[in-house]
Each structure stands twice: as C-alpha cells, then as structure tokens.
Amino acid sequence: MNDYLLMIAGSDIDSFYQIEEFPEASEVTMAQPLGKKVGGCVLNVAAVSASKGINTKVLDYLKENDEDTELLINTLKDKNIDVSNIQYGKEVVNGSCLIMKCKDEKCIYVIEPKRPFFTVDSQLGELLNNAPFIYSLMHTIMISFEDEKPILAAKKAGAKMIFDGSSQYNNPKEIEMLLQLADGLFINTKAYKVLCEKAGFDVKDRLLGNGALFVCITDGSNGAYCYTKNEKLYQKAYKVEVVDSTGAGDSFAGCFLACLSLGMEIRECLKYASLSGAYCCKGLGGMSASVPLETLELFLKEQNGKK
C-alpha cells in the first residue's frame, strides 16, 4: 500500500438550512437551521479515504485561535486524518458553505477562504515530493501557492496529481495547468460540459492522451463512467432513500482513491466508489460515507437483496 495520500484543502464549515421554497429575486424566505458539519470537498474525500485505513494527510491554511478552526481540527483528528502539516495565521478567513435544502433540491453558497500562500520550506517540499498521490481542486492549487513550481516539482518527483473538476474555469490558466498536471480527474457531467466548452475540445481525450490514469464522469442517479487509455467503464448508481446528497461525489472520489491505493483494479475502484456515493446520501453531510470497506460490502449485499 502507498505511504500516504496528501489532500491540499480549502476547508470549510457547512451550515445546513431547511426552507419552504427557493425565493425569486427580491423575495424573502425563512430558513430553519439544521446544524453544522465540517465540509469542503477535499476534506470529505480525506475522511472517506482515511476510513478505509489509508494514511491521509491534509495541507491547509486556517485561522488561528478560532472556534471553527478548533471544530475542523478536532473533526479531522476523530477521522484519523493527519493534521500536523496545517498552517495557521491571524488574518486568515476560513471558508464556509451555506446549504439551503428545499424538498429534494438544494442550493449551495460557497464563501471562499481568504489566506496567504503556503510557506514552502524544506519540510513542505518533502511532503509534496514524497506523496504517491496528491488530491485537490485546481482552483485551490491556484490560491494556495505563489507559483506552480512546488507542484511541478512534486509531479516530477513521481506524485500522481488527482483533481476534483469542480470549477468555473474563468481563469484560462486553470485549464492549462489541469492539462499539464492531472493524472486523474473526478467531475460531474454538468461541470465537465463547462470545462469542455471553456477548453474548446474534449478534455478527457486530451488528458488520457497526455498519460492520465483515468477520468471519472459522474451523473448522479444515472451512474458513472470511468475512462482509461484502453477502456470505457460504466457503473450503475445504487438506489437509496436520499437524506442529503451533499458530498456524494466527494465520497465517490475518496473511496475510489482509497481502493486505488490498496492496489485494486480500476473496475473494482469504480464499483466501491459508486457504493460510497450512494451510502453518503443516507446521512447528513459530506462525511457520511467515512466508513470501512466492510460496511460497504454489507451495503452491497443489501442492495443485491433488493433485486
């Protein structure tokens, strides 16, 4: 098994609210608080990976002496995630996320963190260069490092760079760097359409042509496709009674990466990832699927028993 997965994060606190209906412009609606959960897609991925026994480290920049930071750190420790590489600052504004739930739909407002670039010393350089896998969003990479040299050095040293594809790609540099760096990509169909429109070509073909290991395109209840250089694999979505779909895609990615680290074939990684995405929807918050593989095996037996 590989030594560790390194997650470069933009951590946040997810605040959940229930509303009766989505308002039109200038309208007012009442929101009932449902509680807070530690979130951020990279942290969700980290929690799911760590729950499979993978040594998972998080690199982030958080506000020091802050209540939300304390909640973040304690939650990550409870999930067996290594937080020793997180940096802190007085002027940092932690990210947050407002999730408005209405019946089976939700609207998500992401408040971006405000923070300085990471201090890249010899210790951080070693952490990056020795990581078998590095997972992040391209946008997070862009706001975390003053330039791309540390990430390019890590890739040259052998780190496999895996990205969540969610971004608006308003900065053309994001697409340029994604094509240059990505060894793997997780992205939903809507975001993939935006990415291809902004790029002007089919991104998966370019990535796989550049040597990427895989491109996974998820489509909720319609299932997921995983493309490799030689295969196009499809995995159906497992049906559950949805409590909250927040983090389902992150749970998919986290389980896929964990299985890949454990040496499983891509087809097996895809099956467990789909199980993890469905399992996440059974609970509130993006870390609901941070359970051992044995739990997913039992969940699969339940699914097969419904046929």
Side-chain angles (χ1 to χ4, degrees), residues 1-2 5 41 44-45 48-49 51-54 132-138 160-167 178-179 181-196 199 201-240 242 245 247-281 289 291-304 306-307:
M1 186 174 71
N2 291 318
L5 299 179
C41 64
N44 293 336
V45 171
V48 172
S49 297
S51 69
K52 311 300 182 284
I54 307 300
F133 288 100
I134 296 176
Y135 183 84
S136 191
L137 281 76
M138 181 52 66
K160 298 297 182 185
M161 311 293 296
I162 314 298
F163 290 98
D164 180 311
S166 298
S167 179
L178 184 70
L179 294 172
L181 291 172
D183 294 294
L185 179 67
F186 298 102
I187 190 167
N188 63 47
T189 52
K190 185 176 180 180
Y192 186 69
K193 181 180 179 181
V194 172
L195 173 58
C196 291
F201 51 80
D202 193 326
V203 172
K204 70 176 177 2
D205 292 342
R206 183 71 62 87
L207 286 174
L208 294 172
N210 288 347
L213 301 173
F214 64 85
V215 175
C216 281
I217 303 176
T218 60
D219 193 16
S221 61
N222 294 317
Y225 288 91
C226 185
Y227 299 85
T228 69
K229 183 178 180 180
N230 300 313
E231 290 184 293
K232 174 185 176 182
L233 302 172
Y234 171 74
Q235 174 61 53
K236 69 176 183 179
Y238 294 95
K239 295 181 179 180
V240 295
V242 177
S245 61
D250 305 333
S251 298
F252 180 103
C255 189
F256 190 105
L257 277 180
C259 291
L260 195 63
S261 296
L262 291 168
M264 294 187 190
E265 297 293 329
I266 293 289
R267 187 178 294 276
E268 283 293 286
C269 295
L270 184 60
K271 179 189 74 173
Y272 281 107
S274 184
L275 282 167
S276 182
Y279 193 92
C280 177
C281 295
V291 297
L293 282 174
E294 290 78 7
T295 301
L296 294 183
E297 290 281 6
L298 292 174
F299 178 52
L300 178 59
K301 289 181 179 179
E302 292 176 9
Q303 290 286 314
N304 291 336
K306 293 178 182 178
K307 294 181 180 179

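The first residue of the sequence shown is numbered 1, and numbering continues consecutively from there.
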Subject >> Check: A248 main-chain N/O paired with S245 side-chain donor or acceptor under 3.5 Å >> reply: no

Original post:
Out of curiosity, I187 CD1 to S166 OG, how far, rounded to the nearest 0.5 Å?
Top reply: 6.5 Å

Original post:
Are any side-chain N or O atoms of D183 and backbone N or O atoms of M161, one a donor and one an acceptor, separated by less than 3.5 Å?
Top reply: yes

Original post:
Does the pair D250 and D164 meet the rule for a side-chain contact (heavy atoms from CB on, under 4.5 Å), with working shown?
Top reply: CA-CA 8 Å; D250 305 333; D164 180 311; 3.8 Å; yes

Subject >> pair L185-I162: side-chain heavy atoms closer than 4.5 Å >> reply: no

Original post:
Under 4.5 Å between any side-chain heavy atoms of L296 and K52, yes or no?
Top reply: yes

Subject >> Heavy-atom pair of closest approach, residues S276 and C255 >> reply: CB-CB, 3.5 Å

**OP:** First locate atom CG of D219, then atom OG1 of T189, and finally report the distance between them rounded to the nearest 0.5 Å.
**Re:** 4.0 Å

**OP:** Kindly indicate whether the side chain of Y272, heavy atoms from C-beta on, has any atom under 4.5 Å from the side chain of M264.
**Re:** yes

Subject >> F256, F163, Y227 screened by ring-ring contact (aromatic ring centres under 6.0 Å, His included) with F214, the one that passes >> reply: F256

Original post:
So, does S51 use its side chain to make a donor-acceptor pair with the main chain of V48 at under 3.5 Å?
Top reply: yes

Subject >> Check: L195 and L178 side chains under 4.5 Å, non-hydrogen atoms >> reply: yes

**OP:** Could you check D202 against Y192 for side-chain hydrogen bond (donor to acceptor under 3.5 Å, both in side chains), going step by step and ending with a plain yes or no?
**Re:** CA-CA 9 Å; D202 193 326; Y192 186 69; 2.4 Å; yes

**OP:** First locate atom CD of E265, then atom CG of L260, and finally report the distance between them rounded to the nearest 0.5 Å.
**Re:** 9.5 Å

Original post:
Taking the side chain as C-beta and beyond, is there a heavy-atom pair between T295 and Y279 under 4.5 Å?
Top reply: yes

Original post:
Which atom names give the shortest non-hydrogen contact between S251 and A289, and what distance separates them?
Top reply: OG-CB, 3.6 Å

Subject >> Residue pair Q303 / V240, side-chain heavy-atom distance below 4.5 Å >> reply: yes

**OP:** Answer yes or no: is there a side-chain heavy-atom contact under 4.5 Å between I54 and L257?
**Re:** no

Original post:
With a 4.5 Å limit on heavy-atom distance, are the side chains of C259 and L293 in contact?
Top reply: yes

